[in-house]
There are 2 protein chains.
Amino acid sequence: MAINKKEAFTPIDQKLADLAKAMSHPARIAILRILAAHNSCICGEIVEVMPLAQATVSQHLKELLNAGLIKGTVDGKKSCYCINWDTFKDFNAEFNTLFGDLQIIASNQSCC
Amino acid sequence: MAINKKEAFTPIDQKLADLAKAMSHPARIAILRILAAHNSCICGEIVEVMPLAQATVSQHLKELLNAGLIKGTVDGKKSCYCINWDTFKDFNAEFNTLFGDLQIIASNQSCC
DNA sequence: ATTATATATCGCAAATATACGATAATAAAA
DNA sequence: TTTTATTATCGTATATTTGCGATATATAAT
C-alpha cells in the first residue's frame, strides 16, 4: 500500500503540486523573503537569522533548488543563493492561471 | 528530534505554508477543478473520476475542508462539496501579495 | 424491517518530510 | 602545512502523509 499515485494526474497538476509543496513549509517561504531582501545572498546569513540548525537550513535550500525556485553558485568558501526569477515568475503565472480557470468556470453558479 | 518548529515563523508565513500544503497534491488540485466545473458538487462523481479509492478521496476532501478551501454539507444520502470562494479568493490574494512583495523588494537587483 | 447505496472513519502499512548532530569537503587564513 | 571557517552530506530519530481495505453510519428504496 501507499504506492505513489501522483503520476495518474495531469502534468500541469503535478507541476502545480510540486510548486505548492516547495512552498509548503514556513521556513522555505522565510528563506525566499530573505533572499529577496538581500543584494548579496549568502547562505551563512540565512542560517544566522533562521531558528533552525545549519543542516536543516541547507536541506530546505536544497528543496528550493530542486523546485527551481532558487539558484545557487559555489563562491569560494561560501555558497551564494538567490531567487530564480525566470521559473519563479512562470510558477506565479501558472498559479494565477489555475485560480483564474476555476473562477471563470464557476463564475455563474451558486452552490451550497 | 524532528520536533515541529513551524511555530517559530511568522503567522503570515505559516498561513501561506498551510495553503500551499493543501495544494501540494495533484489529487487535491484535480478535485478543485472538478468542483469548479460542476453545477452540483456530489462526492460520488468525484470518486468515479479520480484514480483513487473512495476512502482516499474522502481523506483528500477532508484536508481541503480543514484548509477552508471547500465547503461540505450532508445532503441526505449524499454529501455535497463545493469551493469556498470567500477563503479561496483570500488565499489567492495572499499569494499574489507574497509574489508581489518579493518582486518589488528585489526588482532593482541583479544577483548570481 | 430488510436491503441497497453513499460517504466517513478506523486501522494499518509504506513512503516522505522534518530536524539535528556528526562528519566530510573545500577553501581561506595563519 | 596546519588551522579555521563555511557549507553539504550522512545517518538517524521522529512525525506526517498517502493509500487502501474493512467497517461504521446514515439514508433511501423495497
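Source: prediction; values computed, not measured. Residue numbering restarts at 1 for every chain, and letters A, B, ... go by the order of the sequence lines. Both backbone and side-chain heavy atoms feed into the values below; hydrogens, waters and symmetry mates do not.
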Return the value, rounded to whole Å, for the distance between atom [atom1] of [X] and atom [atom2] of [N].
{"X": "B:E45", "N": "C:dT5", "atom1": "CD", "atom2": "C1'", "value": "15 Å"}
{"X": "B:H25", "N": "D:dT16", "atom1": "NE2", "atom2": "C1'", "value": "13 Å"}
{"X": "B:K21", "N": "D:dA15", "atom1": "NZ", "atom2": "P", "value": "15 Å"}
{"X": "A:E7", "N": "D:dG19", "atom1": "CD", "atom2": "P", "value": "11 Å"}
{"X": "B:N66", "N": "D:dT18", "atom1": "CG", "atom2": "C1'", "value": "16 Å"}
{"X": "A:K5", "N": "C:dA14", "atom1": "NZ", "atom2": "C1'", "value": "14 Å"}
{"X": "B:I3", "N": "D:dT16", "atom1": "CD1", "atom2": "P", "value": "11 Å"}

Hey, are the side chains of [X] and [Y] touching, using non-hydrogen atoms and a 4.5 Å cut-off?
{"X": "A:I83", "Y": "A:K71", "result": "no"}
{"X": "A:M23", "Y": "A:R28", "result": "no"}
{"X": "B:Y81", "Y": "B:I31", "result": "no"}
{"X": "A:L65", "Y": "A:N84", "result": "no"}

Of all the heavy-atom pairs spanning A:A22 and A:L64, show the shortest one and how long it is.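 Nearest heavy atoms, A:A22 then A:L64: O-CD2, 4.0 Å.
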Applying ring pair (Phe, Tyr, Trp, His ring centres under 6.0 Å), name anything that partners A:F91, two or more places apart in sequence or on another chain.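 Testing A:F91 for ring pair (Phe, Tyr, Trp, His ring centres under 6.0 Å), a comparison that skips the adjacent residues, returns none.
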Can you list every ring pair (Phe, Tyr, Trp, His ring centres under 6.0 Å) pair that touches residues 7-27 of chain A, not counting sequence neighbours?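 Residue pairs passing ring pair (Phe, Tyr, Trp, His ring centres under 6.0 Å), neighbours aside: A:H25-A:H60.
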Centroid-to-centroid, B:F99 to A:F95, below 6.0 Å?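 Centroid distance B:F99-A:F95: not below 6.0 Å, so no.
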A:I34: partners by side-chain contact (heavy atoms from CB on, under 4.5 Å), with sequence neighbours left out: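 Applying side-chain contact (heavy atoms from CB on, under 4.5 Å) to A:I34 gives A:H38, A:I46, A:V49, A:M50.
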Using nucleotides 26-30 of chain D, report all nitrogen or oxygen pairs with the protein that are shorter than 3.5 Å.
none

Counting only heavy atoms and a strict 4.0 angstrom limit, can you tell me which residues of residues 10-18 of chain A come near DNA chain C?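 Residues of residues 10-18 of chain A under 4.0 Å from DNA chain C: none.
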Give the C-alpha distance, both sets of side-chain angles, the deciding distance and a yes or no for salt bridge (Lys or Arg N to Asp or Glu O under 4.0 Å) between B:D18 and B:K6. CA-CA 10 Å; B:D18 285 344; B:K6 285 174 185 171; over 6 Å; no
Counting only non-hydrogen atoms, which of residues 50-65 of chain B are less than 4.0 Å from DNA chain D?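 Result for residues 50-65 of chain B: B:L52, B:A53, B:A55, B:T56, B:Q59, B:H60, B:E63, sorted by number.
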